[in-house]
Amino acid sequence: MVYVWQVPHWQRSGLRKGLQQVRLTPEMLLKDNRINLKQIQADMKEGIYPSLLSHDHVLADVEANQSRQFWLRIKVPAHKPPPDYLGRIRIHFTSELARELPVRLRVLPILLTEPGDKHYIMSYRQVLASGSAYDTIDEQQMRSQLQDIQEAGFHGTTIYDHSSLEAIEKAYRLRKEAGLAEHTILVGARKYFARHPDQMDELVKAVRGFCQDADISEPYYFTIDEPPRSGPKHDELVKTSKAVRRAGGKTFTYFYHATKEITDWLDAGAMTSYSYNFPMLRVRDLFHEQNKPVYYYYQIGHPAPVINRMLAGFFLITSGYDGIVPFCYQDRRPREKIYDPT
């Protein structure tokens with residue numbers, strides 16, 4: 001299978017030390033570059049959900065003496081033999097064929113990782129209802145996006161839906177249909193817990209019952225984002241983890257650092273890092289000593305985001321981490337500085 005998208009770029013600053021380091025960054029895959037990205041927020045508030053990604057042909061306006069970047073993904077079935085494959089890319093100007101480019105793909109008889117050796121979980125913010133203007137989409141779009149994530153080789157996603165138990169269950173069903181229910185992080189649980197602090201046990205028990213009835217793997221429940229070693233957020237981590245575990249659930253969070261005491265309250269976690277360093281290895285050991293999985297997590301807003309994407313696989317394989325949770329899929333929210341797409 002062959003998939004093609006256009007890659008819009010815009011100026012974005014990094015996070016923390018990279019806040020002032022504004023650079024041109026590719027951050028989304030589009031089928032139609034005529035979409036006014038700056039108008040998206042206003043449209044979505046009116047209930048209009050622009051399709052940023054679909055499985056149709058690419059449409060692009062390219063002015064004279066300008067260039068555009070396109071993303072080509074070729075999926076080779078696992079059972080195919082490894083010799084060369086030949087094909088062509090056809091570029092049409094209006095209705096006429098303007099250029100035809102030959103493509104030769106050489107498939108090597110190697111596997112980067114054994115099946116099941118690593119877990120690939122996409123951080124996915126989109127929700128069906130009660131999300132922000134940037135995150136709410138319709139069901140058809142969610143099906144298309146989940147299909148795209150699954151075809152890219154991921155095993156699961158986060159679930160940000162949190163408006164009700166019914167919304168969480170529906171989001172789960174869509175992931176099962178897409179083949180993405182193997183590894184799930186219920187991030188929306190954090191907001192649900194915040195609204196209903198006395199119903200944490202009930203939510204976990206209800207989701208566990210739903211998963212058992214639907215024959216779906218149970219999720220991890222997101223607790224407190226980036227908990228510190230002490231203070232109110234740390235206390236909230238302990239409180240939430242106790243409630244989740246009391247109901248038979250498993251806990252998860254993202255963190256920049258972790259102590260033995262923090263990892264005791266987590267059943268899995270993701271280390272936010274953009275370098276291969278000693279803290280990464282120490283956190284790995286803290287989790288593995290307790291037979292718990294730990295994932296490598298990176299953000300699109302980090303300094304040098306393109307380099308982080310290029311090296312993400314290297315960090316994952318060499319660090320001995322159990323998987324990766326990149327943040328995030330088709331992010332269209334204004335974060336720090338976003339300028340006109342180019």
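Along the sequence shown, residues are numbered consecutively beginning with 1.
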Side chains of Gln141 and Gln145, donor plus acceptor under 3.5 Å | no
Shortest non-hydrogen contact from Ile262 toward Pro227 | CD1-O, 3.9 Å
Any side-chain heavy atom of Gln199 within less than 4.5 Å of one from Tyr192?
-> yes
Salt bridge or not for Lys170 and Glu139, using N-O below 4.0 Å?
-> yes
So CD1 of Ile168 and OH of Tyr160: to nearest 0.5 Å the spacing works out to 13.5 Å
Derivation of the side chain to side chain contact (heavy atoms under 4.5 Å, CB included) call for Gln290 and Asp264 = CA-CA 8 Å; Gln290 302 179 62; Asp264 286 343; 3.3 Å; yes
Between the side chain of Ser241 and the main-chain N/O of Val238, is any donor-acceptor distance below 3.5 Å?
-> no
Treating Ile, Leu, Val, Met, Phe, Trp and Tyr as nodes and any side-chain heavy-atom pair under 4.5 angstrom as an edge, say whether Ile216 and Leu180 lie in one connected cluster.
-> no
Can you check side chain to side chain contact (heavy atoms under 4.5 Å, CB included) on Thr251 and Trp265, steps first, answer last?
-> CA-CA 7 Å; Thr251 58; Trp265 288 111; 5.7 Å; no
When Phe327, Tyr321, Phe255 are each screened for side-chain contact (heavy atoms from CB on, under 4.5 Å) with Tyr297, the one that passes is Phe327
Check: Tyr124 main-chain N/O paired with Thr157 side-chain donor or acceptor under 3.5 Å | no
Count the heavy atoms belonging to other residues, nucleotides or ligands that lie under 6.0 Å from CD of Gln140, then report whether that count exceeds 12.
-> no
Residue from Lys205, Lys239, Arg246 passing side-chain contact (heavy atoms from CB on, under 4.5 Å) with Met200 = Lys239
About how many Å separate OG1 of Thr259 and CG of Leu286, when rounded to the nearest 0.5 Å?
-> 8.0 Å
Mind checking whether Val127 and Ile121 sit in one hydrophobic cluster, side chains of I, L, V, M, F, W, Y counted as touching below 4.5 Å?
-> yes
Cationic N near anionic O, under 4.0 Å, Glu177 to Arg143 = yes
Single-linkage hydrophobic cluster, 4.5 Å side-chain cutoff, Leu105 and Leu101 together | yes
Side-chain donor-acceptor contact under 3.5 Å, Glu261 with His234 = yes
Within one Ile-Leu-Val-Met-Phe-Trp-Tyr cluster: Leu203 and Tyr172, side-chain cutoff 4.5 Å | yes
Centroid-centroid distance, Phe222 to Tyr254, less than 6.0 Å | yes
Sub-3.5 Å donor-acceptor pair from the side chain of Asp161 to the main-chain atoms of Leu128, do we have one?
-> yes
Hey, does the side chain of Arg175 reach the backbone of Ile159 with a donor-acceptor pair shorter than 3.5 angstrom?
-> no
State, yes or no, whether a side-chain contact exists between His162 and Arg195 at a heavy-atom distance under 4.5 Å.
-> yes
Do side-chain atoms of Lys233 reach the backbone of Asp225 as a donor and acceptor pair under 3.5 angstrom?
-> yes
Output for pair (Ile91 CD1, Phe70 CZ), nearest 0.5 Å, gives 7.5 Å
Please state whether the rings of Phe252 and Tyr295 are parallel, tilted or perpendicular, taking 30° and 60° as the class boundaries.
-> tilted
Say you draw a straight line from CE of Met122 to CD1 of Ile324; how long is it, rounded to the nearest 0.5 Å?
-> 9.0 Å
Kindly give the heavy-atom pair with the smallest separation between Lys118 and Leu316, and that separation in Å.
-> NZ-O, 4.0 Å
Value rounded to 0.5 Å, distance of CD1 in Ile137 from CZ in Arg125 = 12.5 Å
Pair Tyr221-Val204, side chain to side chain contact (heavy atoms under 4.5 Å, CB included): steps then yes or no = CA-CA 8 Å; Tyr221 296 84; Val204 176; 3.8 Å; yes
Verify, without hydrogens or angle tests, whether Arg208 (side chain) and Ala247 (backbone) share a donor-acceptor contact under 3.5 angstrom.
-> yes
Using a cut-off of 6.0 Å, state whether more than 12 heavy atoms not belonging to Lys176 lie near its atom NZ.
-> yes
N/O donor-acceptor pair under 3.5 Å between Arg284 side chain and Gly320 backbone = no
Close side-chain approach of Phe193 and Val244, heavy atoms under 4.5 Å | yes
Shortest non-hydrogen contact from Pro293 to Asp322?
-> CA-OD2, 3.2 Å
Considering all heavy atoms of both residues, which atom of Cys211 and which atom of Ser217 are nearest to each other, and what is their separation?
-> SG-O, 4.0 Å
Using the rule that two of Ile, Leu, Val, Met, Phe, Trp, Tyr join whenever any of their side-chain heavy atoms come within less than 4.5 Å, decide whether Leu186 and Leu174 are in one cluster.
-> no
Please check if the side chain of Thr253 supplies one atom and the backbone of Ile224 the other of a donor-acceptor pair under 3.5 Å.
-> yes
Can we say Asp267 and Arg245 salt-bridge, meaning some charged N sits less than 4.0 Å from an Asp/Glu carboxylate O?
-> yes
For residues Val294 and Leu266, determine if any side-chain heavy atom of one lies less than 4.5 Å from a side-chain heavy atom of the other.
-> no
Gap between atom OG of Ser123 and atom CZ of Phe154 - 0.5 Å precision = 10.0 Å
